[in-house]
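Have a look at the structure below before the remarks.
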2 protein chains.
Amino acid sequence: MQNKEIYHQMVNGGYKLTKPRKLIAKWIVGHKGVFSALEICRSLTDLDRVTIYRTIKLFCSLDIIHTVLSLNGEQYYERHATRGHHHHIVCTMCKKSECVPCEVPEIEISSFKKIHHSLVFTGLCDKCTINS
Amino acid sequence: MQNKEIYHQMVNGGYKLTKPRKLIAKWIVGHKGVFSALEICRSLTDLDRVTIYRTIKLFCSLDIIHTVLSLNGEQYYERHATRGHHHHIVCTMCKKSECVPCEVPEIEISSFKKIHHSLVFTGLCDKCTINS
DNA sequence: ATCATATTGCAAACGAGTTGCATTTGTCAA
DNA sequence: TTGACAAATGCAACTCGTTTGCAATATGAT
């Protein structure tokens with residue numbers, strides 16, 4: 001049960017285990033891949049938007065999820081270490097996405113610590129290539 | 001004179017060479033590195049936001065500039081082919097950024113064409129590492 | 001079970017970017 | 001050079017994702 005793990009991280013961090021937080025944790029565990037705050041809003045309609053945004057921030061600070069770069073002004077997130085580190089390729093026309101294994105070499109920059117990276121590939125999927 | 005080149009691209013594309021467009025072209029040529037629409041707004045205060053946004057879109061469609069992924073909901077742009085393809089590392093605390101050469105291998109995905117990538121490294125810069 | 005306080009939900013605001021529309025400006029043909 | 005017409009501008013008012021202030025509520029330590 002992956003959500004138990006998240007509950008643990010919350011309690012360890014000194015945060016209360018509330019109903020909204022549990023619901024959001026379960027949703028995230030049950031969701032494969034990248035997601036946005038608004039997707040959670042659309043699913044968990046009993047919860048206030050504000051609570052969802054705040055919980056997402058909390059989860060980020062607890063390293064339960066991390067931000068993925070945005071393609072369109074909407075912020076996306078991903079569960080830390082789901083199925084190993086990887087990236088996505090997104091079709092610029094129809095927004096369909098696929099996973100891509102990570103081949104970014106580790107970089108060494110003396111003046112920066114705790115380096116993470118966010119990578120998105122964009123292109124045209126087979127269908128959209130034909131239609132364009 | 002790099003802006004002459006841009007004027008050419010506009011005329012070739014069948015677009016008028018207006019005062020606002022020339023001003024924005026000059027600003028972009030004179031600007032080193034990544035920029036946002038709002039930065040131009042702050043500099044060229046006589047121009048309407050709307051005109052700036054519309055001109056940026058036009059320049060993107062003419063391949064004069066291209067979008068850079070955003071870290072915070074604000075869209076960033078860069079002059080095409082300035083100093084060759086590269087990426088950025090951004091400090092998560094103070095937002096200071098540095099350039100990083102690109103070492104992402106070309107990927108081959110049969111079902112996608114015209115693949116581009118957007119990569120941002122994040123981390124803590126030296127100062128923020130000390131203060132945290 | 002009680003209580004302090006962390007957390008929620010509402011309303012109202014925010015900032016970035018967009019749209020509709022009347023006015024102005026570039027361009028091209030006369 | 002001028003004038004006409006489409007293209008482009010600027011204003012106002014809007015959208016959408018996200019945030020803030022604050023009163024009401026729920027959690028968990030006692």
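Numbers restart at 1 for each chain; the letters A, B, ... are given by sequence-line order, proteins then strands.
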Between the side chains of A:Arg79 and A:Glu5, is the shortest nitrogen-to-carboxylate-oxygen separation below 4.0 Å, so that they form an ion pair?
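Salt bridge present between A:Glu5 and A:Arg79.
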
Which residues in residues 17-28 of chain A have a heavy atom closer than 4.0 Å to any atom of DNA chain C?
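Nucleic-acid contacts, sorted: A:Thr18, A:Pro20, A:Arg21.
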
In residues 46-53 of chain B, which residues come under 4.0 Å of DNA chain C by heavy atom?
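B:Arg49, B:Val50, B:Tyr53 - these, ordered by number, are the residues of the stretch whose heavy atoms sit under 4.0 Å from the strand.
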
Of all nucleotides in DNA chain D with an atom under 4.0 Å from a non-hydrogen atom of chain B, which is the first and which the last going 5' to 3'?
D:dA6 to D:dA13

Tell me: [atom1] of [X] to [atom2] of [N], nearest whole Å?
{"X": "A:Ile56", "N": "C:dT7", "atom1": "CD1", "atom2": "C1'", "value": "16 Å"}
{"X": "A:Tyr15", "N": "C:dT7", "atom1": "OH", "atom2": "P", "value": "7 Å"}
{"X": "B:Lys16", "N": "C:dT25", "atom1": "NZ", "atom2": "P", "value": "12 Å"}

Residue whose nearest DNA chain D nucleotide is more 5′ - A:Ser36 or A:Arg54
A:Ser36

Given the rule in the side chain to side chain contact (heavy atoms under 4.5 Å, CB included) test, do A:Ile52 and A:Asp48 qualify, once you have shown the distances and angles that lead to the verdict?
CA-CA 7 Å; A:Ile52 291 169; A:Asp48 195 278; over 6 Å; no

Enter the distance from A:Ile64:CD1 to A:Gln2:CD here, rounded to the nearest 0.5 Å.
12.0 Å

Rounded to the nearest 0.5 Å, what separation is found between the OG1 atom of A:Thr51 and the CD1 atom of A:Ile56?
11.0 Å

Donor-acceptor pairs under 3.5 angstrom involving side-chain atoms of residues 18-25 of chain B: please list them, not counting sequence neighbours.
unit_1: B:Thr18; atom_1: OG1; unit_2: B:Arg21; atom_2: N; d: 3.4
unit_1: B:Arg21; atom_1: NH1; unit_2: B:Lys16; atom_2: O; d: 2.8

Report yes or no: do B:Phe59 and B:Leu17 belong to one cluster of Ile/Leu/Val/Met/Phe/Trp/Tyr joined by side chain heavy-atom distances under 4.5 Å?
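Yes, B:Phe59 and B:Leu17 fall within the same hydrophobic cluster.
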
Intra- and inter-strand pairing of DNA chain D, written as dot-bracket with Watson-Crick and G-U pairs under 3.5 Å and | for the latter, reads ||||||||||||||||.|||||||||||||

Which atom pairs, donor and acceptor, lie under 3.5 Å between side-chain atoms of residues 33-43 of chain B and protein residues at least two apart or in another chain?
unit_1: B:Ser36; atom_1: OG; unit_2: B:Glu39; atom_2: N; d: 3.3
unit_1: B:Ser36; atom_1: OG; unit_2: B:Glu74; atom_2: OE2; d: 2.9
unit_1: B:Glu39; atom_1: OE2; unit_2: B:Ser36; atom_2: N; d: 3.1
unit_1: B:Ser43; atom_1: OG; unit_2: B:Trp27; atom_2: NE1; d: 3.0
unit_1: B:Ser43; atom_1: OG; unit_2: B:Glu39; atom_2: O; d: 3.3

